[in-house]
Each structure stands twice: as C-alpha cells, then as structure tokens.
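Order of the sequence lines sets the chain letters (A, B, ...), proteins ahead of strands, with each chain counted from 1. Heavy atoms only: backbone and side chains are in, while hydrogens, waters and symmetry mates are out.
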There are 2 protein chains.
Amino acid sequence: MAAKTNPIPSVWARRQREPDQPALSRAAIVREAITMLDAEGIEALSMRKLAARLNAGATSLYRHVATKDELMELAVDEVFGEITLPPADSPDWRAAATEAAGAFRATALRHPWLSSILGQAGLAYLGPNLMSYGERLTAFFASAGFPEPARAIDTVISYVVGMSTTEAAWLTTVARAGESEAEFIARLMPAAQEATAGFDHLTDAYAVATADPEPDPAAVRDAKFAYGLDVVLDGLALRLPR
Amino acid sequence: MAAKTNPIPSVWARRQREPDQPALSRAAIVREAITMLDAEGIEALSMRKLAARLNAGATSLYRHVATKDELMELAVDEVFGEITLPPADSPDWRAAATEAAGAFRATALRHPWLSSILGQAGLAYLGPNLMSYGERLTAFFASAGFPEPARAIDTVISYVVGMSTTEAAWLTTVARAGESEAEFIARLMPAAQEATAGFDHLTDAYAVATADPEPDPAAVRDAKFAYGLDVVLDGLALRLPR
DNA sequence: CCTGCCATGCGAACACTGTACGCATTGAGG
DNA sequence: CCTCAATGCGTACAGTGTTCGCATGGCAGG
C-alpha cells in the first residue's frame with residue numbers, strides 16, 4: 001500500500017497481477033456495479049470505489065465502458081434479464097399478465113436504484129434484455145387477442161412502473177434510516193398526522209389506514225399493488241373483442 | 001471581477017448590495033431553482049450556479065436551505081402547487097378524474113426534472129401543496145361514492161406517474177439532443193429497427209406504429225395517455241357500488 | 001446616541017466526483 | 001526477436017456539496 005502511493009521505479013515494485021482475480025471485463029464490471037448498487041444505493045456508486053472493488057485503477061474501467069451513464073444503461077439491461085416471464089402461449093392471459101407484473105415489481109424492489117434511473121432515462125434504452133422483455137410481453141398480449149397489444153402493454157407497464165417506483169423510493173428511504181419498515185412508520189406517524197391536520201378527507205383516509213389490522217407493511221403494499229393491477233386488467237378485459 | 005478574486009481590504013472594496021435585487025430568501029431561492037431546472041435540466045443545477053444567478057455567494061444559500069436535497073423537496077412541493085384541480089363537488093367524477101390526471105401530466109411534462117426526483121424520493125414528501133393535492137383528490141373520489149378512495153387514488157396516480165415519468169424522460173432525451181421530437185425519432189429509427197430485428201412481435205408492433213398517419217408525436221403521446229387512463233377509469237367504475 | 005447582539009452573507013477549504021491524457025507493460029503475430 | 005495493438009493506471013483538471021470562521025450590518029436595550 002505504501003509502495004503504491006510512492007511508486008519507486010525498482011525491479012521489486014514490478015507489477016504482478018493476481019492470476020486468480022479474473023481479468024477486467026465489461027461483464028465483470030457491470031456485475032460488480034450491480035451488487036454495489038444493491039448493497040449501498042445509487043449515490044454510493046463511484047467509479048473509484050467500483051474500481052477498488054475490482055482491484056483495478058479507477059480509470060481502467062474506461063477501457064471497457066465509455067462513461068458512467070453507459071455503465072448504468074448496461075446495469076439496467078442486465079437486471080431486466082432477471083425478469084422471468086410466463087410462457088407466451090399461456091391459456092389464461094390475466095394470470096400471465098399478473099405474473100409478469102409481479103415479476104417486474106419484484107425486480108424493481110430488489111434493485112431500488114432501478115427506479116432512479118428509469119425516472120431519469122425512462123424506458124428508452126435499447127438493450128437486448130429489454131427488447132426481449134418487450135417481445136415476450138407483446139407476444140402473449142397479442143395471443144390473448146388484443147388488436148393493439150402495444151396499447152395494452154403501455155397501460156399496464158405504466159401502472160406497474162408508477163407503483164413500483166413509489167414503493168422502491170419508499171423502501172430506499174426506509175433503508176437509509178437504518179430501521180425496519182414498521183419502526184420507520186411508527187416514527188413517521190406524528191409528522192404525518194400533523195401534516196394531514198386541517199385536511200378533513202385526508203385525516204379520514206389516514207384513520208382508515210391506521211385502523212388496518214394487518215401489521216405487516218409489506219403485506220399492505222402487496223395488497224395495494226394487487227388491487228390496482230386488477231383494476232387495470234379489468235379495464236383491459238373490456239377491450240378484448242367479444 | 002478582478003477585485004472579487006483578489007479581495008483587497010480597502011474602503012473602496014466595501015460591499016454594497018443592490019437594493020433593487022430582492023433580498024435572498026427561501027422563496028426566491030426555490031423560485032430561481034425551478035426556472036433553472038426547467039431551462040437547463042436537473043444535472044445542470046449546482047448550488048454555485050444557482051447562487052450566481054441570485055447575485056449571491058455559493059454558501060449563502062445554506063442560510064435559508066439546509067441542504068440541496070431539501071431544496072429539491074421544496075421545489076417539488078412548489079410545482080405541485082401549480083396543479084389545478086376541478087372543484088370537489090363535480091357531478092361527473094370521470095370527467096373530474098380525467099382533468100386531474102391531465103393536470104398532473106401537464107406539470108410533469110412542463111418540469112421534466114420532477115420525474116427524476118420522484119424516481120429517487122417517491123411521493124413521500126409531506127409538503128403543504130402535496131397534502132392539499134391529495135386532499136382534494138380524496139375529496140372528489142369520496143364524493144363519487146368510492147368506499148375506499150385511497151385505493152382508487154393510488155391506482156390512478158400510479159398509472160399517471162408511470163406514464164408521465166416515461167414521457168418526461170423521453171422529452172428530456174430529445175431536448176438534450178437539441179432536435180425536435182420528429183427529427184429525433186427519424187434519427188432513432190434505424191437503431192430501433194436494428195434492435196427489434198429478430199423479435200417478431202416487436203417488429204409487427206413497430207410496423208403498426210410507423211404506419212400511423214398521425215404525424216405529430218405529441219398527439220400520439222396524448223392519445224396513448226388518454227387510452228390508458230380510460231382503461232384505468234373503466235376498471236375503477238366497475239368498483240363503484242351499484 | 002451609544003453598545004452589544006445576532007441574523008445574514010461569504011471566502012477559503014475539504015473531501016469527493018467523472019473523466020482526458022499519456023506513459024508503462026504486456027501478449028500475440030510476423 | 002521485433003513490432004504493434006490492447007490494456008492498465010498515475011496524474012491532473014474542472015467541477016461538486018458542504019463546513020467553518022470571519023466580516024458586516026441592522027436592530028434592541030440602555
């Protein structure tokens with residue numbers, strides 16, 4: 001370490017890469033970036049820290065990745081590859097859509113930084129995994145009989161992205177506080193109550209929400225997501241011919 | 001300018017604030033931040049540049065705003081104040097909801113940086129304008145007869161946020177390219193065509209989309225948004241008692 | 001009118017960030 | 001063996017958000 005910061009031009013300081021450490025590569029960089037993003041959040045990822053984890057110099061990464069934004073784009077496409085979709089020829093399109101929506105939500109919650117990037121870059125990336133995701137989605141909405149599957153997909157995806165984004169941001173806030181979700185809610189309640197003071201309908205809604213006997217916040221979120229998804233799918237079902 | 005970088009302790013360098021320049025205040029800072037965000041995008045906003053626009057020193061802002069994140073939070077609440085909602089006692093809840101959704105979308109597209117922040121922070125802020133927005137929304141969903149207005153609101157808001165976010169991100173990308181939307185689409189088409197190659201359903205959907213006689217991309221986006229919103233409202237209508 | 005206080009403004013500094021540049025080292029191919 | 005292209009990386013630059021301590025001014029109390 002001391003020799004590293006003071007590079008004496010000597011034979012003994014000769015570089016000698018660990019052979020077991022797999023060589024630097026685009027795939028390895030993206031993989032490590034994702035685990036780092038998952039573990040420490042989006043604002044903790046810097047090129048220097050990432051390089052350090054890979055036992056590499058900071059600027060070495062730029063041999064494999066043009067810019068940090070490009071790295072993020074690659075990371076997004078990579079996690080889209082994780083999303084498992086039901087087979088395209090499922091007989092029950094509603095069940096298939098529900099499963100696909102749930103799979104997206106699960107990935108979004110597992111990688112909360114995804115929402116941050118989607119908020120900035122949208123779904124405009126053209127990576128192969130994203131394309132294949134769109135392809136399979138289109139496939140079984142088309143086979144369900146929707147004349148314009150793209151319309152249906154845009155609708156359900158918008159709902160899922162909107163809800164998942166809100167959830168992911170919430171979970172990020174909770175995680176940053178270093179508390180469990182229930183603890184954080186308990187600590188937030190006075191502030192929320194004060195904020196809703198003077199707003200009659202909101203205090204009503206708030207009272208209803210806190211009267212919920214369900215103690216598990218995650219279950220509450222699950223139910224909320226399922227409710228809205230059912231609403232969207234009901235609306236789509238009305239548009240199926242016949 | 002030269003004197004500023006070399007502060008000679010002289011009587012003549014005595015400070016002398018312009019009296020016409022309104023004093024630094026939290027409201028003025030937030031307002032200027034918003035115009036700057038609108039004009040140059042979220043990544044162009046720095047505390048130093050913002051301070052320079054206000055003829056102030058960079059660190060002076062911290063007397064009125066604890067941190068940059070807090071400033072963003074204030075900016076978000078401020079633009080939520082712009083959203084105009086229909087009166088709470090509208091007889092036609094669908095028309096009212098459509099108007100409210102359109103108003104949100106309009107603000108989101110006018111301030112594309114909003115989506116970036118929502119992606120990171122969600123809707124968890126407790127600012128007064130955000131509260132009042134929620135209150136009024138709850139009010140007329142309740143008066144429409146929904147037994148659990150919060151559920152309905154969450155659903156439609158999720159859809160609106162998801163769609164608007166995607167649109168805003170798209171518009172940001174277009175703006176950064178310095179082209180009109182149509183030009184950008186034209187330039188993007190080869191890449192998109194190549195990306196969809198090998199995905200049968202996607203190429204189909206792509207062909208359908210490009211066969212659209214509507215030449216105005218904004219109108220296409222409007223129609224897409226309206227379609228999905230109708231789907232969601234149809235689904236909600238099924239849940240109205242009776 | 002004088003005095004002391006306190007809110008406000010701000011220059012300098014710190015620890016970081018993403019990234020351009022140019023030099024060293026390496027392994028492969030002629 | 002020599003050459004060349006690919007790869008790693010130290011240094012440097014222009015910025016970032018934010019802290020600290022000092023200067024300044026207007027206002028309250030005597």
Side-chain angles (χ1 to χ4, degrees), chain A residues 1-19 21-29 32-33 36-37 40-75 117 120, chain B residues 1-19 21-29 32-33 36-37 40-75 117 120:
Chain A
M1 280 299 168
K4 204 169 192 180
T5 61
N6 184 18
I8 304 161
S10 142
V11 204
W12 312 112
R14 186 62 47 78
R15 183 165 45 124
Q16 191 170 338
R17 189 166 328 291
E18 280 83 324
Q21 196 73 11
L24 215 49
S25 78
R26 169 176 286 203
I29 292 174
E32 190 67 31
M36 208 170 158
L37 285 165
E40 314 191 32
I42 194 173
E43 75 281 355
L45 178 71
S46 82
M47 297 302 268
R48 279 178 242 261
K49 287 189 207 149
L50 176 58
R53 281 206 182 210
L54 291 160
N55 290 104
T59 58
S60 305
L61 306 181
Y62 286 89
R63 293 284 171 193
H64 304 89
V65 153
T67 181
K68 194 190 181 185
D69 284 349
E70 183 183 302
L71 172 58
M72 293 307 219
E73 200 172 326
L74 291 169
I117 304 183
Q120 292 180 305
Chain B
M1 277 300 168
K4 204 166 188 179
T5 62
N6 186 18
I8 303 161
S10 142
V11 202
W12 312 111
R14 186 62 45 80
R15 183 167 42 128
Q16 191 171 337
R17 189 170 327 292
E18 279 86 325
Q21 196 74 13
L24 213 51
S25 77
R26 170 177 284 204
I29 293 174
E32 190 66 31
M36 206 169 160
L37 285 165
E40 314 191 32
I42 193 171
E43 74 282 353
L45 178 71
S46 81
M47 297 303 267
R48 279 177 243 261
K49 287 189 206 152
L50 176 58
R53 281 207 180 207
L54 291 162
N55 290 103
T59 59
S60 306
L61 306 182
Y62 286 90
R63 292 285 170 191
H64 303 88
V65 153
T67 182
K68 193 189 181 186
D69 284 349
E70 184 184 301
L71 172 59
M72 294 307 219
E73 199 171 328
L74 291 169
I117 304 183
Q120 292 180 305

- prompt: For dC9(D), does OP1 or OP2 lie under 4.0 Å from any side-chain N or O of Ser60(A)?
  reply: yes
query: Name the one of Ile42(A), Leu37(A), Asp69(A) that satisfies side-chain contact (heavy atoms from CB on, under 4.5 Å) with Ile117(A)?
result: Ile42(A)
message: With a 4.0 Å cutoff (strictly under), does any side-chain N or O of His64(B) reach OP1 or OP2 of dG9(C)?
response: yes
- request: Measure the distance from CE on Met72(B) to P on dT18(D) and round it to the nearest whole Å.
  value: 11 Å
Rounded interatomic separation in angstrom, taking OH from Tyr62(B) and P from dG21(D): 18 Å
query: Can you name the nearest heavy-atom pair linking Ala56(B) to Leu24(B), along with the distance?
result: CB-CD2, 3.9 Å
message: From the set dC22(D), dA20(C), dG22(C), return the single nucleotide nearest to any side-chain atom of Arg63(B).
response: dC22(D)
task: Rounded off to whole Å, could you give me the CD-to-C1' distance for the Glu40(A) and dT17(C) pair?
output: 16 Å
- prompt: Within the modelled atom types, does a donor on one side and an acceptor on the other bring the side chain of Thr59(A) and the base of dG18(C) under 3.5 Å apart?
  reply: no
field: Exercise: identify the closest heavy-atom pair between Gly57(A) and Ala51(A)
entry: O-CB, 3.4 Å
message: Considering every strand and a 4.0 Å limit on heavy-atom distances, what is the contact class for Ala56(B): base, sugar-phosphate, or nothing?
response: sugar-phosphate
- prompt: Nearest-Å distance, CG (Leu61(A)) to P (dA20(C))?
  reply: 13 Å
- line: Between CZ of Arg26(B) and C1' of dA7(C) the distance, given in whole Å, is 15 Å
query: Leu24(B) CG to dG25(D) C1': how many Å, rounded?
result: 15 Å
task: For Arg26(A), check side-chain hydrogen bond (donor to acceptor under 3.5 Å, both in side chains) against everything at least two apart and list the hits.
output: Glu70(A)
- prompt: What pairs of residues pass the side chain to side chain donor-acceptor pair (under 3.5 Å) test when at least one of them lies in residues 56-68 of chain B, not counting sequence neighbours?
  reply: none
- line: The side-chain contact (heavy atoms from CB on, under 4.5 Å) partners of Glu40(B) (sequence neighbours excluded) come to Met36(B), Ala44(B), Arg53(B)
message: Distance check needed: dC9(D) P versus Leu50(A) CG, whole Å only.
response: 13 Å
Collect all protein-nucleotide pairs involving nucleotides 13-16 of chain D in which both atoms are nitrogen or oxygen and the distance is under 3.5 Å.
residue, atom, partner, partner atom, Å
dT16(D), OP1, Ser46(B), OG, 3.0

- prompt: If you round to the nearest 0.5 Å, how far is CD1 of Ile29(B) from CG of Leu74(B)?
  reply: 9.5 Å
- request: Can you tell me the distance, in whole Å, between the CD atom of Glu43(A) and the P atom of dT18(D)?
  value: 12 Å
